There are 2 protein chains.
Amino acid sequence: MARRTQGTSAGLDRGKIARAAVALVDRDGLDRFGVRRLAQELEVDPMSIYHHIKGKAALLDAMSEAVLVEMMADAGDPPAGWAETARWIARHYRELAYRHPEVFPLLVTRAQTAPVALTALDRLIGAMRTAGLPDRVVADAPMTLFGFLNGYLLAVLNGQPGTAPSVDPAAYPGLASVAPLQHDYGTAAEFDRLVDTVLAGLDARAATGTGDPLT
Amino acid sequence: MARRTQGTSAGLDRGKIARAAVALVDRDGLDRFGVRRLAQELEVDPMSIYHHIKGKAALLDAMSEAVLVEMMADAGDPPAGWAETARWIARHYRELAYRHPEVFPLLVTRAQTAPVALTALDRLIGAMRTAGLPDRVVADAPMTLFGFLNGYLLAVLNGQPGTAPSVDPAAYPGLASVAPLQHDYGTAAEFDRLVDTVLAGLDARAATGTGDPLT
DNA sequence: CTCCCGAAATCTACGCCGTAGGTTTCCGGC
DNA sequence: GCCGGAAACCTACGGCGTAGATTTCGGGAG
């Protein structure tokens, strides 16, 4: 803990703080995280952080923006076709979640207004519009897809890796009977299958022409 | 703050504590919530709560169980047909979320092993099996549906009620162009439409016979 | 070259929080 | 009438977020 004397620069800035915070949460978990621990990690006084970031809430916002930026940096360009674009987004988003499982809940809980998030949505909408899908389906697609992605990934990350929770077969015969089919709980194969299910739902509504639901 | 003398009974039990905690969070918000504030509300010493509930994490578990129990108490019996059952679950779950918006994040974040939650899933699975849907689709349905429900409701509840977040039209033309169609952001109509989209996806997979995705 | 000012970082302090450990009081069963 | 265990309380500790005042330094104006 070598503190410098007051006034000397520690080279802090918003991005550097956010990246250090992400690394700390990845290592120690979200509930152990705090401004003081982060300051200790940066070898800095806790209050120094407040000169770059307004409060803890803003710090958490900066962290979620940082992981989104990291994701888009590695991503390259999306493929052609609206369904392929959606799958491409979904896969990269899943990879982000597995790379920073402790940070991911922040993305879900906080409203996403970072440019990098809006850009991804804009690409999806653009691909769907050029494919000629009904406007109503296009407008609903982001909420439908990211609703699922957020809820699903949150659930899978919270459980211990690789195993679905087990239940009493006598009390819940239906649940128990399908349990063997959940052997791939949390795998990429399951993820792709469920994403395709959601996309199939959008496709089915597009096929009605008006974009209204079937029933 | 009329404390009783040591030893006298305050009539505490797990359910009563959980219901008081839910009421407190509904009123003051989740981040203002704490064991000490809850104790003050119950006119009780903070440590008394620990004789009934092991720690703060267990307290949060008890709260999410309490709201689920409340939901099922008002629910009645599910209708016939798997899609109707799914919609019935979805609507009651949404009502729960809007009745306890500050508590809802707890449901999403924590693994659901309460009997009342498992019962609802078991009913859905039973309805799908008797409808003759492929096992694979049946097995995937809970994760698909609740993934969407959790993610969607979390997003809608976090935004301010009634309005979708607005963006710069020049920077994100696609997003801006569909913005007018999101006038019903957060309404029951939008919710029903998106739930039907997800159900349509499950139905589409069932129609292939094997339950495999289309593409 | 000197002075000064604003930005960066630090120091101090306050009121919360979760909870471990020990103590007091009451009540039902013998 | 006594006693053991359950229920509640009291004290204390370490940690938290952050408001407000203070110190220090780099760099531009004269």
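Chain identifiers are assigned alphabetically (A, B, ...) following the order of the sequence lines, protein sequences preceding nucleic acid strands; residue numbering begins at 1 within each chain. The shown structure was predicted, so the numbers you read here are calculated from the model rather than taken from an experiment.
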Could you say whether B/Ser48 or A/Gly34 is positioned toward the 5' end of DNA chain D, judged by the nucleotide with the nearest heavy atom to each? B/Ser48
Kindly say if A/His52 contacts the phosphate of C/dA7, meaning a side-chain N or O under 4.0 Å from OP1 or OP2. no
From CE of B/Met47 across to P of D/dT11 the rounded distance in Å is 14 Å
Taking atom P of C/dG22 as reference, at what distance in whole Å does atom OH of B/Tyr50 sit? 18 Å
Using the side-chain heavy atoms of B/Pro46, tell me which of these nucleotides is nearest: D/dA19, D/dG17, C/dT19. C/dT19
Using 4.0 Å as the upper bound for N to carboxylate O, is an ion pair formed by A/Arg136 and B/Asp184? yes
Assign A/Arg32 to base, sugar-phosphate, or nothing according to its heavy-atom contacts below 4.0 angstrom with the strands shown. nothing
Side chain of B/Val44: nearest nucleotide among C/dT12, D/dC9, C/dT19? D/dC9
Grab the NZ-P distance between B/Lys54 and C/dG21 for me, whole Å please. 14 Å
Go through the steps for B/Phe191 and B/Tyr98 under the test ring-ring contact (aromatic ring centres under 6.0 Å, His included), then give the verdict. CA-CA 12 Å; B/Phe191 178 77; B/Tyr98 277 78; 8.1 Å; no
Quick check on D/dC9: is either OP1 or OP2 less than 4.0 Å from any side-chain nitrogen or oxygen of B/His51? no
Check the distance between C/dC11's C1' and A/Gln40's CD and give it to me in whole angstrom. 17 Å
Of D/dA8, C/dA13, C/dT10, the nucleotide closest to the side chain of A/Arg36 is C/dA13
Any carboxylate oxygen within less than 4.0 angstrom of a Lys/Arg side-chain nitrogen, looking at A/Arg36 and A/Glu41? no
Side chains of B/Arg110 and B/Ser64: any donor to acceptor distance under 3.5 Å? no
Nearest to the side chain of A/Val35, which nucleotide is it out of D/dT11, D/dA8, D/dG17? D/dG17
Checking contacts here: which listed nucleotide (D/dT11, D/dA19, C/dC17) is nearest the side-chain heavy atoms of B/Arg37? C/dC17
Measure from CG on A/Leu42 to C1' on C/dA9 and round the result to the nearest Å. 13 Å
Output the rounded distance in Å from CG (B/Leu38) to P (C/dC17). 11 Å
In whole angstrom, what separates A/Ile49's CD1 from D/dT18's P? 11 Å
Please confirm whether the ring centroid of B/Phe146 lies under 6.0 Å from the ring centroid of B/Tyr93. yes
If I take atom CG in residue B/Asp31 and atom P in nucleotide D/dC16, what distance separates them, rounded to the nearest angstrom? 18 Å
